[in-house]
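Residue numbers start from 1 in every chain, and the chains themselves are labelled A, B, ... in the order their sequence lines are given, proteins ahead of strands. Computed from a prediction, not measured in an experiment: that's the story for all the values here.
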Amino acid sequence: MSSENGRSGGGAEGAPPEQLALIRESVRKAEVPRAKPRTWRGAALAKELPVARVLVDKGVLHLDRYFDYAVPEELDAEAQPGVRVRVRFGAGRHRVREGRREGGGLIDGFLVERLAESDYSGPLAALAQVVSPERVLSEELLGLARAVADRYAGSLADVLQLAVPPRSARAEQRPSPEALPPPGIPEAGSWARYERGAAFLESLAAGGAPRAVWNALPGPEWSDELARAVAATLVSGRGALVVLPDGRAVARVDAALTALLGEGRHAVLTADAGPEKRYREWLAVRRGAVRAVIGTRAAMFAPVQDLGLVAIWDDGDDSHSEQHAPQPHAREVLLLRAALDKCGFLLGSWSCTVEAAQLVETGWARPLVAGREQVRAVAPLIRTVGDQDLARDEAARAARLPTLAWQAVREGLRHGPVLVQVPRRGYVPRMACANCRAPARCRHCSGPLEGQESGTALRCGWCGRDESGWHCPECGGFRLRAQVVGARRTAEELGRAFPAVPVRTSGREHVLDTVPGAPALVVSTPGAEPVAEGGYAAALLLDGWAMLGRPDLRAGEDALRRWIAAAALVRPQGAGGTVVVVAEPTLRPVQALVRWDPVGHAVRELAERAELGFPPVSRMAAVSGTGEAIAEFLQTVELPGEAEVLGPVPLPVTTVGRPRRVGAPPPGEHWERALVRVPPGRGAALASALKAAQAARMARGAGEVLVRVRIDPPDIG
DNA sequence: AGCACGCCGACT
DNA sequence: GTCGGCGTGCTC
């Protein structure tokens, strides 16, 4: 029966995610004679398969299992697996009064399966209603949702809320367009620049399932290259899915696909379309009328039929993290899909995350890279300005801008637009070596050291140990400095320095898509850089040390990714393209930028993470709540033997008014956070233990203020 | 969460 | 006897 549902041993985890409660349940029930599907009312039931297994749509963990209902004869035809239903659900013995069974109200659910008999021993209530005959929840999507719920210690209902859009009756009425036959084989195009580019497309077109981590060359070709990978998959008669970090990237791939294949072959799933249009597009995909899908992260669940390829662009962008529980990351969801559906996988980026490097390192995916001569041909010239240059550069220091930067901007403005990247505000100041600026880390668990407001006391942000005799393991220094970000002013000063040149800004509130090729200063925060017609003549990357100073695990990777994202918009070195980065040239991410070697950087980071017991080599979970709640929770949970608990340590108290991060404590409350880490391969065991403990607690503690569990916490210092 | 069941003390 | 306190457990 379909309860098997093809669990992958895939991805990094081998162990099948288990639902202990369910297993125990079925063992116990197996001794009891199976109930005939009788209802208290004895209404006429469906003659075949009169039992409907229903997933009740309540995001509560201890309800994260199926309930059986009887199928009345009149609903027999419509009550097919995958439809939305409404059922009575609530407490109460079978209170039979006036021939009517009362109790809980009507709630929504999905019909998962039709069965001949139930393993529930009591009498079954009847399905109240089939909301619509549209079978929105396919077996594949259910299997994926379950795998995601297991991976993230979340509930199936929560994941389904992310995966299946709300119904719009009007959208269901309309017929979807006719499906088009597969297109002709596309040319390899600029994929020819990559050593195995053409072979990758050929494999997709031939029905293969190649898996690649693609380090894209700088420049605008990436969107067309993604479109060609999609087209190649369509050739094989299969579908393709591409997840992109934001609306601008979606628009570019949309344009590339339309140019390559014309209209009508692909759907665009983004949040900013209205609910009805969104559901209409989604239905066209579900019904098989459209075989290719592009979109932002919600599209990661798109029910593409006969999936041949899943792809993600720029997996280091944090908008790939879902904001809603259980906060799955698009890359991880696509990894699960590739394993479950045995389809092709393509992770592309100008830069490279450690997770991407790990996929290559473990042999799960192959690198799709260009040779060094290709890189040299398209990358700009990178120059650095470090502290020593600044010190020597007394005149420029007054203006907060080194001479080299002045020269690069002045020269660039003679030939075209110049990009100035300034960091966003809001980085948390933490402690670093005053000499070499390496983040200060705990000698016991390698967590980040945090300075107290006034005093000299240092404490680890993970395990809470006090640190008195700190010295820098990199350079031997023993003085610390707080990393403070001061930015933006520099850009304004720049504008004043070149009064004849227009200054345009692009940032959070107002993001520019493109700028013309004429000379202009374009000031932008990371991620909001407009594309310049013909490429920027130069780029200036300011306050690099501030980006690097955060003791966040990803500080180096993030800084490099942002620099590369800006530098990839600059003309090749041969065409005069120059990038000046104000950061210490000895630092690893700066060197990686100079050599244009993001993959090498990620590989080294990965090795270091393995050594220190960091994710993604180890897997971590964060448990947050009041100190009491955490202590009680940690006593209950049966962690895998190898698990290691760090902390708990107090979390900063949220102040009222400021926008609150997801998962942060309610304003004014004193919360703490513990981290749990397990060695490679034990992630599934950790998630399942945490989920079981949550479920047990909920059932007991009347669902009061509990702890929050977050797998892969993004901000672990 | 709800909501009913049940096993204990004070009351028309 | 029976009304109702809330402690405990279930929801097909």
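More than 12 heavy atoms of other residues, nucleotides or ligands sit less than 6.0 Å from atom CD of A/E642.
A/I107 has its CD1 atom 14 Å from the C1' atom of C/dC10, to the nearest Å. The CZ-P distance, from A/R88 to B/dG2, rounds to 16 Å in whole Å. One interatomic measurement links the two molecules: CZ of A/F89 to C1' of C/dC10, which rounds to 9 Å at whole-angstrom precision. Across the protein-nucleic acid pair, A/D68 atom CG and C/dC12 atom C1' stand 6 Å apart, rounded to whole Å. Distance CG (A/L55) to C1' (C/dC12): 13 Å, rounded to an integer number of Å. The nearest whole Å value for the distance from the CZ atom in A/R114 to the P atom in C/dC12 is 19 Å. Protein atom OH of A/Y69 is 5 Å distant from nucleotide atom P of C/dC12, rounded to whole Å. In this structure, the CG atom of A/L127 is 10 Å from the C1' atom of C/dC12, given to the nearest Å.
By the 4.0 Å N-to-carboxylate-O rule, A/D317 lies too far from A/R331 to be salt-bridged with it.
A/Y120 qualifies as a stacking partner of the C/dC12 base, centre to centre under 5.5 Å and near-parallel within 30°.
Taking the side-chain hydrogen bond (donor to acceptor under 3.5 Å, both in side chains) definition, one finds that A/D246 meets it with nothing, sequence neighbours left out.
Among residue pairs with one or both ends in residues 283-296 of chain A, those qualifying as side-chain hydrogen bond (donor to acceptor under 3.5 Å, both in side chains) are A/E134-A/R287, A/S176-A/R287; sequence neighbours excluded.
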